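Model, not experiment: these values are computed from the prediction. Numbered from 1 within each chain, the chains take letters A, B, ... in sequence-line order.
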Protein chains: 2
Amino acid sequence: MLMTQGPLTRKLSAFVALSGDDLETLARFHRRRRSFQAGHQMIHEGGKNQSAFILAEGWACSYKLLPDGERQIVDFQIPGDFLGLRSILFRTSDHSIEAVTRIEASEVLASDILDGFSRAPRLASAVLWAASRDEAMVVEHLVNLGRRSAETRMAHFLLELGARLKLVGIGGLSGFDCPLTQYHLADALGLSAVHVNRVLRHLREEGLVTFQKGRVSFDNLAGLTELAGFDPDYLDQDGPLLR
Amino acid sequence: MLMTQGPLTRKLSAFVALSGDDLETLARFHRRRRSFQAGHQMIHEGGKNQSAFILAEGWACSYKLLPDGERQIVDFQIPGDFLGLRSILFRTSDHSIEAVTRIEASEVLASDILDGFSRAPRLASAVLWAASRDEAMVVEHLVNLGRRSAETRMAHFLLELGARLKLVGIGGLSGFDCPLTQYHLADALGLSAVHVNRVLRHLREEGLVTFQKGRVSFDNLAGLTELAGFDPDYLDQDGPLLR
DNA sequence: CGTCAAGGCTGCTCTGGATCAGTCGCGCAA
DNA sequence: TTGCGCGACTGATCCAGAGCAGCCTTGACG
């Protein structure tokens, strides 16, 4: 029963050995099952008293808007990801989250989280760890934007996404299905949509990756990894640190 | 006695109302006082079993190196900041931290943290909150790199630094003392040192900010805030969320 | 079947910021 | 006192990537 709770539990168990109480509390987070259409804005930047969600099915993205209307996508969320944690921890949310595809998720209220932490304290440590893992990805993304060329940026992005998807059992070494448009990539990588197209074409012509028709295919995984300077197991974890 | 524990305690109390037990556990984190020379590398990317530190005095910066030798500074740490948390939570550190000036800090071992969390569970929530606040800054930094021009990037960076320093009582609305070189700024903002110099000159000529001789002066705070699209109170918190 | 909107794709021009190649001033050590 | 090295500062040149403009394909809809 508890084992079927899905990828979040599995993810957290990689860090702490969760007790029965912890698991039960975690199960409460899954009571409010909701679904959203593609394009629906689930969390609003500047909004107050928002919920968080645990993604069961579909893709989302978190982003910020600038005064001039530009947007920067901070991260994409895939099944098993906790989304909008910061919008609970802070009084007002500092970012927005939008459904990229149709989504199935469990809504988690601020009170669920805060009560849950007092009832099952190790859960707080586990969530801290998960949040740190997310932060590590954001940092990697930051390095991407600050210091890498458009091409290595794209390569690194696709490899990281592939690695994350593999961890939750979607897609493998050969590639993955990807619902993102070139506009999404542009907003995430700080490029123009036009340039994204050129970069993708170039990577394809080099025989490294193909991104077409909603499918990413790694044509030469080793070459791509080398180009991107990607560490293939930076997301891995070898078993609980905290028992 | 406990009140003199410094800025970290004050910061965490802004989120949770800490009990006596919590405060006592937190006090244990301050047992190993250390100091480091400017330039000393306190945490090594890829290193295992590293400590974390609570900064009491001086400035540090966290960064990552790329294969080609470039570096991207992710964030600067100032007194009251917790540094290297991720190097404890993960088996191997994903970033390095270097002292910018001479530093006074308390060394916190992985076991201190992990034991501390089981003894004083609310501390885990508090640290989660502090980590989320740091993540929010990294995200802001990411938006900076992805979507803003060199000039607004610089403006935003200086304003944010000023706001952070003001929160811990260093510097005020008129400016602050700043030990960073233009090379540090370049590595943080994804620019070349040469261009940093030009941008600073331009901002000075516009009468917005002056950064000279280790001092940042806000000559026209309103104008600068407007240029940067900076929200002056995005770091604020109005009192404990969790009682 | 025709229209219309998204999204993919491409060529051209122009510019922001990198790179190179220095000078200048200062603090420090021999 | 004389180098010497670091950091601030400047001008000239170059190029990655943005902006613009337009065309093609696909799929939804009346």
Side-chain angles (χ1 to χ4, degrees), chain A residues 37-39 59 61 66 68-73 98 100-102 144-155 157-158 177-206 209-217 227, chain B residues 37-39 59 61 66 68-73 98 100-101 144-158 177-206 209-217 227:
Chain A
Q37 293 186 307
W59 293 45
C61 68
L66 286 113
D68 61 12
E70 293 249 58
R71 93 170 166 173
Q72 173 68 47
I73 292 180
E98 182 182 292
V100 171
T101 64
R102 180 183 170 75
N144 236 357
L145 288 180
R147 288 287 159 194
R148 287 196 249 252
S149 70
E151 216 156 299
T152 47
R153 222 183 284 180
M154 178 67 77
F157 174 81
L158 293 176
D177 291 320
C178 178
L180 306 177
T181 68
Q182 298 188 347
Y183 292 86
H184 284 123
L185 297 183
D187 283 349
L189 299 178
L191 302 171
S192 68
V194 174
H195 202 59
V196 164
N197 186 279
R198 272 191 280 257
V199 168
L200 286 176
R201 169 161 48 100
H202 195 229
L203 290 173
R204 192 183 333 124
E205 285 168 1
E206 301 273 296
V209 242
T210 308
F211 186 166
Q212 260 168 347
K213 303 261 168 204
R215 173 87 196 165
V216 174
S217 310
L227 170 69
Chain B
Q37 293 186 309
W59 292 46
C61 68
L66 285 114
D68 60 11
E70 292 249 58
R71 92 170 165 174
Q72 174 67 48
I73 291 181
E98 180 183 294
V100 171
T101 65
N144 235 359
L145 288 179
R147 288 288 159 192
R148 286 195 251 252
S149 69
E151 217 157 297
T152 47
R153 225 183 282 182
M154 179 67 78
H156 193 279
F157 175 80
L158 293 176
D177 292 320
C178 179
L180 306 177
T181 68
Q182 297 188 348
Y183 292 85
H184 285 123
L185 298 183
D187 284 349
L189 299 177
L191 302 172
S192 68
V194 175
H195 201 60
V196 164
N197 185 278
R198 270 192 281 261
V199 168
L200 286 175
R201 169 159 49 99
H202 195 229
L203 290 173
R204 192 184 332 124
E205 285 167 0
E206 301 273 296
V209 243
T210 308
F211 186 165
Q212 261 168 347
K213 302 261 168 206
R215 173 88 197 163
V216 174
S217 310
L227 170 68

[X] side-chain proximity, nearest of [options]:
X	options	value
B:Val194	C:dG17, C:dT19, C:dT10	C:dT19
A:Arg204	C:dC9, C:dG11, D:dG17	C:dC9
A:Tyr183	C:dG7, C:dA18, D:dG11	C:dG7
A:Ala150	C:dG17, D:dG17, D:dC9	D:dG17
B:Thr181	C:dG17, D:dA18, D:dA8	D:dA8

Tell me: [atom1] of [X] to [atom2] of [N], nearest whole Å?
X	N	atom1	atom2	answer
B:Leu189	C:dG16	CG	C1'	15 Å
A:Arg198	D:dC20	CZ	P	14 Å
A:Arg148	D:dG17	CZ	P	14 Å
B:Leu145	C:dG17	CG	P	12 Å
A:His195	C:dC12	NE2	C1'	15 Å
B:Lys213	C:dC26	NZ	C1'	8 Å
B:Arg147	D:dG17	CZ	C1'	12 Å
A:Leu203	C:dC9	CG	P	13 Å

[N] phosphate, OP1 or OP2, under 4.0 Å from [X] side-chain N/O:
X	N	answer
B:Arg201	D:dT10	yes
A:Gln182	C:dA6	no
A:Asn197	C:dC9	yes

Mark yes or no for whether A:Arg148, through its side chain, and A:Arg153, through its backbone, hold a donor-acceptor pair below 3.5 Å.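 Absent.
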Using a 4.0 Å heavy-atom cut-off, does B:Leu191 contact any base of the nucleic acid, only the sugar-phosphate backbone, or nothing at all? sugar-phosphate
When all nucleic acid strands are considered with a 4.0 Å heavy-atom cut-off, which category describes A:Gly214: base, sugar-phosphate, or nothing?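 Nothing: the residue A:Gly214, judged by heavy atoms under 4.0 Å, touches no strand.
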Counterpart residues, side-chain hydrogen bond (donor to acceptor under 3.5 Å, both in side chains), relative to A:Arg215 (two or more places apart): A:Asp177
Given A:Gln212 and A:Leu200, is the side chain to side chain contact (heavy atoms under 4.5 Å, CB included) satisfied, shown in steps? CA-CA 9 Å; A:Gln212 260 168 347; A:Leu200 286 176; over 6 Å; no
Let me see the working for B:His202 and B:Met154 under side chain to side chain contact (heavy atoms under 4.5 Å, CB included), right down to the final yes or no. CA-CA 11 Å; B:His202 195 229; B:Met154 179 67 78; over 6 Å; no
For atom CD of B:Glu205, decide whether the heavy atoms of other residues, nucleotides or ligands shown that lie under 6.0 angstrom number more than 12. yes
B:Phe211 or A:Glu151, whichever maps to the more 5' nucleotide of DNA chain D: B:Phe211
